[in-house]
Each structure stands twice: as C-alpha cells, then as structure tokens.
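All chains are named by letter (A, B, ...) in the order of the sequence lines, taking the proteins before the strands, and each is independently numbered beginning at 1. For the numbers below, each heavy atom of this structure counts, side chains included, while hydrogens, waters and symmetry mates do not.
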Protein chains: 2
Amino acid sequence: MGEFVTQPAGVAGGNTAAVSSEVPSFQPLYQQIKALLTQRLESGEWRPGESIPSEHELAAQFGVSQGTVRKAIDELAGENLVVRRQGKGTFVATHTEAASSIFRFLRVRRNDGQDEYPASELLDVRRGRASADIARAIDLKPGDGVLLLRRLLRYGGEPTVLDDITLPANLFKGFTKERFDVYEGSMYGFFETEFGVRMLRAEEQLRAVAADPVTAEALRVGIGSPLLCVERIAYTYGDRPVEFRRGLCTTRSHHYANTLS
Amino acid sequence: MGEFVTQPAGVAGGNTAAVSSEVPSFQPLYQQIKALLTQRLESGEWRPGESIPSEHELAAQFGVSQGTVRKAIDELAGENLVVRRQGKGTFVATHTEAASSIFRFLRVRRNDGQDEYPASELLDVRRGRASADIARAIDLKPGDGVLLLRRLLRYGGEPTVLDDITLPANLFKGFTKERFDVYEGSMYGFFETEFGVRMLRAEEQLRAVAADPVTAEALRVGIGSPLLCVERIAYTYGDRPVEFRRGLCTTRSHHYANTLS
DNA sequence: CAGTGGTCTAGACCACATC
DNA sequence: ATGTGGTCTAGACCACTGG
C-alpha cells in the first residue's frame with residue numbers, strides 16, 4: 001500500500017520547511033489529495049455520471065487514511081464536481097440528469113412559483129471573430145474564432161429569454177444547429193456529452209435595459225420596454241472561462257431568483 | 001463529564017427504533033449537537049462578536065468527542081451563524097464588522113469593478129398597517145403594525161438605489177430616524193445591535209421595471225427609464241421572515257453581481 | 001449478503017495567536 | 001508556555017443499496 005503516493009505521505013503535517021517565499025507554505029494532506037483527484041477528474045479518467053473509486057480504495061491508493069480522502073471528496077462535492085450517494089458510491093457530476101441541480105444555472109422562474117423547465121429553441125448559429133470585449137471576458141485574443149449562438153427560451157409557450165452565447169470555436173468543433181436540435185436535454189448537458197466541456201461555475205451581472213426592436217419582436221414586448229439583462233461568464237476546470245452569454249429577459253410573468261446566504 | 005448531556009449520548013447511532021412514522025427516523029449526534037448550539041445562539045447566551053466555548057469544552061459538556069462537536073460547528077460556520085478563527089476561537093457572527101462579509105447582502109457593484117461601500121441616507125420613517133401582500137410575505141396578519149422605511153444608497157455621491165423596507169413593528173419598538181442617523185455602520189448591523197434582530201439569510205426576486213416619477217426624481221433618471229427591481233425577504237433564526245424590501249436600482253454605472261456555483 | 005458512504009471515538013500532533 | 005482551531009489516524013459501527 002502506498003506505492004501510488006506522489007506526494008509526501010505519512011508526513012502528517014511535517015512539511016513546514018518550504019524552500020522560500022511560497023504563498024501556502026503549508027498544504028494539508030487532504031488538499032493535496034483533492035488536487036490530485038481534481039486532476040484525474042479533469043483528465044476524463046472517469047466520465048460524467050460514472051462512479052469514482054471508493055473512499056477505502058482511494059485511501060489505499062494514496063496511502064492515507066479514509067478520513068483524509070473523505071475530507072477531500074467532501075470539498076469536491078461542495079463544489080459540485082462530484083455527487084455522493086450513500087450506499088452506492090461517489091459519482092462524477094453531470095449536467096445530463098433530471099436531478100434537482102437542473103436549476104443551478106437557470107434562475108428564471110415563474111412568478112406563481114411553479115417550477116417549469118422552459119423549451120429551448122436555437123434560432124441561429126454563426127461563426128465569427130472575438131471582439132475586444134468578448135476576448136477579454138473569455139480569455140481569448142481579439143480576432144480568435146468564436147461560435148455565436150442565438151437561443152430563445154419559452155415558458156409555457158411564452159417567449160421569455162433571448163440569449164446570445166459566445167463560445168471559443170476551438171473547443172466546439174463540429175457544432176451545428178442540427179446536432180443540437182437532435183439532442184435531448186439542457187445546453188450544458190449538450191456541451192458536456194458532445195464536446196467534453198463541463199461548466200462548473202458562473203458569474204453573472206444583472207442590469208435593466210430598454211428593449212431594442214429585434215429583441216422586442218422576439219419577446220413580444222414593446223420597443224423600449226424594460227428588460228432584465230443577464231451577462232454571464234461560465235468557467236470550467238481551473239477557472240478557465242469558456243462561455244460568454246448575454247440574455248435579455250421579460251419579467252412580466254417571470255423573475256430572476258436568488259438566495260443570499 | 002457528560003452530566004450536561006440532554007440527548008442520548010454514547011449511543012453511537014443506536015437510536016434506530018423510532019416510535020412510528022417520523023420523517024428523519026434517525027438523527028446523527030452532530031445534528032443534535034448543532035440544534036442545541038443553534039438554540040443557545042438564538043437565546044442570546046452569547047452575544048454577536050463574542051466567542052463560544054472551545055470545541056474541547058463543548059465536547060466535555062455534551063459528553064461527546066471533539067470531532068463530533070467539530071462537525072456540528074462546521075455546519076454552523078457554513079451557514080454563517082458562527083465564524084472560526086484559528087488559534088483564537090469560534091465567534092458568534094455579526095453584521096457589525098468590516099470583514100469581507102460586508103458584501104454578503106449587498107450585491108450592487110460598480111461596473112468598473114471597484115469595491116465601494118455606499119453611503120446610506122434614511123429618507124423617511126413611517127408606521128402603518130401590513131397590506132395583504134406584505135403580510136403574506138413576512139408572515140403577519142393583514143393590518144398588523146409595520147414600520148416603513150425609505151432609504152437611498154449613494155455610490156460616490158451618485159444616487160443609485162432607492163429602498164422601501166417593511167418591518168414588523170413589534171420587533172423594532174423605539175425605531176426613530178434619529179437613532180439610525182446616529183448609528184455608524186450597515187442597516188443590518190443597526191438591527192442587530194439595537195434590536196437584537198439578526199438577519200441570517202435572504203431570498204430575492206429580480207425584475208426590470210420602468211421608473212415611476214418619484215423614483216425617477218430620486219435617482220435622477222428619466223421617467224420610464226429601465227430600473228432593476230429587487231424584492232427581498234430576509235429571514236432570522238428558524239427561517240422566520242422579518243423583513244420585506246423592495247429596491248429600485250439604476251444600472252447605468254452599476255450592476256447586480258451574482259455567482260452560480 | 002457484501003460494498004458503499006456516513007457517523008463516532010480517542011488520541012496524537014500541527015499551525016496560529018496570545019501572554 | 002498555554003489554549004485555540006485544524007489535520008490525521010486507525011478502527012469500530014451504522015445506514016443505505018443492490019445482488
């Protein structure tokens with residue numbers, strides 16, 4: 001046991017003597033384990049929805065106690081990289097499940113409180129070059145190839161959100177409207193299964209804007225009507241940004257829900 | 001040791017025999033400890049900013065191991081009821097600290113990314129009766145006495161957010177504009193130190209609306225301009241709602257920031 | 001039944017803060 | 001030097017799932 005250990009194992013905190021001015025200057029064992037697991041997750045060693053080895057087995061692999069592995073996995077579960085299921089195992093998180101996490105990246109809700117999953121219609125797929133703004137947002141060079149999607153969300157048939165989505169072209173080679181239309185499920189589920197791009201986290205900025213003519217027609221509101229503007233940058237492993245999205249949303253019979261805790 | 005234990009201690013999971021159809025049918029020891037600690041926190045046994053007993057001492061009091069107390073406190077810290085400080089102790093969370101948690105309930109940021117704490121001006125304090133809507137929102141009976149505050153937030157002198165705040169009158173007896181004006185710090189800090197009401201969690205609904213004449217003048221925007229409308233219900237211990245708030249926000253040079261994770 | 005995650009213990013030692 | 005939270009261990013037992 002312990003032959004797979006690539007980090008100073010068995011040290012139990014004895015690694016105080018950092019060479020020079022490093023920021024952490026001390027890293028708990030379970031953080032090292034977590035980093036190793038994250039690496040293996042990112043590498044695709046286990047696919048989304050599959051189970052990873054049991055805590056016991058990982059403990060043996062790394063030559064540490066089960067409690068230490070447990071703490072590492074606890075953090076991964078807290079970051080939604082992984083899902084624990086008692087009695088069954090620990091599974092790589094996936095966007096392709098009807099689990100409760102469907103609304104993790106979808107904050108637009110009906111005012112009456114009913115949970116309704118909207119229908120998504122892809123209106124347009126184009127290829128283009130990143131503007132300076134977009135390039136800065138998703139860490140590209142201006143002029144890099146991007147994919148431009150326009151997408152409409154309908155709640156109960158009512159057009160509610162018009163999204164403009166920008167993706168780095170090199171990560172989504174072979175993207176076509178037809179391929180998306182055939183796919184059943186959420187957009188992030190599509191990205192995950194078809195292109196291996198997993199969205200883990202996102203930051204959003206919300207503003208109120210006046211409806212421009214094109215959006216007004218798509219959402220069936222008057223020109224100049226107030227719309228909620230939601231700009232999102234979504235990140236994958238290593239906090240690398242891989243999507244910029246600008247959504248315009250009618251809030252006649254819907255709202256954006258958020259919890260502060 | 002162990003004489004303070006009020007729950008089946010030392011059982012180590014042996015409490016399977018629930019009498020009949022109860023929902024949990026089994027509650028981990030650390031959850032019971034957590035419930036006891038929450039109770040003592042709510043009772044005011046320790047005041048905000050004060051330290052609670054050490055893990056070692058609590059373990060002795062409850063007659064359980066330190067690891068079990070630790071897990072209970074971990075969850076309390078996760079819910080921001082309590083703050084851990086290595087080497088110093090565990091402290092009751094407070095809104096009256098310039099810590100990083102100042103922006104926990106303040107999501108309006110400048111577009112340029114600079115963190116600026118806005119100036120707050122209380123424009124009006126009135127007493128009134130709860131409308132049916134408000135009563136439902138904060139769990140009052142229609143006609144119950146409420147406190148109605150109007151408050152303006154300025155960022156760099158620029159009027160940006162106009163808040164209408166409704167509070168149950170019985171929890172805020174003796175509230176006056178003068179008392180607030182004298183107080184230094186955030187509104188929730190004021191509620192906490194002056195009235196013992198601690199806001200722990202909030203739910204918000206965001207919409208885009210057109211500026212009415214009064215708001216337009218206060219925020220120096222044109223009538224009908226799009227404004228971000230933020231409705232909030234804030235909760236204290238036991239998830240009891242104790243504040244309804246409706247804020248209207250210009251998003252010319254500001255935005256509402258949110259992280260999805 | 002065996003295998004998995006979940007709880008709990010008792011004790012050791014480390015990092016940090018304070019005196 | 002002491003007391004605090006933070007890490008780690010080795011092992012036991014429990015709850016849940018599935019064959």
Side-chain angles (χ1 to χ4, degrees), chain A residues 1-2 5 7-18 22-35 37 46 50-60 62-78 82-92, chain B residues 1-2 5 7-18 22-35 37 46 50-60 62-78 82-92:
Chain A
M1 316 139 181
V5 177
Q7 298 287 326
V11 289
N15 52 352
T16 301
E22 293 180 12
V23 180
S25 115
F26 161 73
Q27 200 176 25
L29 235 195
Y30 76 89
Q31 291 280 12
Q32 302 175 33
I33 304 288
K34 180 187 168 191
L37 288 174
W46 312 294
E50 283 184 6
S51 74
I52 71 174
S54 74
E55 295 177 354
H56 181 78
E57 186 176 337
L58 287 170
F62 291 125
V64 303
S65 94
Q66 183 168 348
T68 300
V69 168
R70 183 165 185 76
K71 187 149 188 187
I73 295 181
D74 273 345
E75 294 214 345
L76 294 177
V82 114
V83 175
R84 323 190 75 136
R85 282 198 253 272
Q86 177 169 144
K88 301 176 75 171
T90 301
F91 300 80
V92 181
Chain B
M1 316 139 181
V5 177
Q7 297 286 329
V11 290
N15 53 352
T16 300
E22 292 179 13
V23 180
S25 116
F26 162 72
Q27 199 176 26
L29 236 194
Y30 77 89
Q31 290 280 12
Q32 302 175 33
I33 305 286
K34 181 187 169 191
L37 288 174
W46 312 293
E50 283 184 7
S51 75
I52 71 175
S54 74
E55 295 177 355
H56 182 76
E57 185 176 337
L58 288 171
F62 291 124
V64 302
S65 93
Q66 185 168 349
T68 300
V69 168
R70 184 166 184 75
K71 186 149 188 186
I73 296 181
D74 273 346
E75 294 214 344
L76 293 177
V82 115
V83 176
R84 324 191 73 137
R85 281 197 252 273
Q86 178 169 143
K88 302 176 75 172
T90 301
F91 300 81
V92 181

Find the distance [X]:[atom1] to [N]:[atom2] and express it as a whole number of Å.
{"X": "R84(B)", "N": "dA15(C)", "atom1": "CZ", "atom2": "C1'", "value": "15 Å"}
{"X": "I33(B)", "N": "dT9(C)", "atom1": "CD1", "atom2": "C1'", "value": "13 Å"}
{"X": "Q32(B)", "N": "dC14(D)", "atom1": "CD", "atom2": "P", "value": "16 Å"}
{"X": "Q66(A)", "N": "dC13(D)", "atom1": "CD", "atom2": "P", "value": "15 Å"}
{"X": "F91(A)", "N": "dG18(D)", "atom1": "CZ", "atom2": "C1'", "value": "12 Å"}
{"X": "K34(B)", "N": "dC8(C)", "atom1": "NZ", "atom2": "P", "value": "13 Å"}

TODO: Report the residues that fulfil side chain to side chain donor-acceptor pair (under 3.5 Å) with E75(B), sequence neighbours left out, ordered by chain and then residue number.
DONE: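 By the side chain to side chain donor-acceptor pair (under 3.5 Å) rule, E75(B) matches K34(B).
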TODO: List for me each residue that meets side chain to side chain donor-acceptor pair (under 3.5 Å) alongside E50(A), sequence neighbours excluded, and say none if there are none.
DONE: none
Heteroatom pairs (N/O) under 3.5 angstrom, protein to nucleotides 1-4 of chain C:
{"unit_1": "dG3(C)", "atom_1": "N2", "unit_2": "G87(A)", "atom_2": "O", "d": "2.8"}
{"unit_1": "dT4(C)", "atom_1": "O2", "unit_2": "G87(A)", "atom_2": "N", "d": "3.4"}

Can you give the donor-acceptor pairs under 3.5 Å from side chains of residues 67-74 of chain B to other protein atoms, not counting sequence neighbours?
{"unit_1": "R70(B)", "atom_1": "NH1", "unit_2": "E55(B)", "atom_2": "OE1", "d": "3.3"}
{"unit_1": "R70(B)", "atom_1": "NH1", "unit_2": "E55(B)", "atom_2": "OE2", "d": "2.7"}
{"unit_1": "D74(B)", "atom_1": "OD1", "unit_2": "R84(B)", "atom_2": "NH1", "d": "2.5"}

Task: Least distance between heavy atoms, Q66(B) atom then H56(B) atom - done: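 The pair with the smallest heavy-atom distance is OE1-ND1, 4.2 Å.
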Task: Interface with DNA chain D, restricted to residues 69-77 of chain A and to heavy atoms under 4.0 Å - done: K71(A)
Task: Pairing residues for S51(B) by the side chain to side chain contact (heavy atoms under 4.5 Å, CB included) criterion, not counting sequence neighbours - done: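 For S51(B) the side chain to side chain contact (heavy atoms under 4.5 Å, CB included) partners, ignoring immediate neighbours, are F91(B).
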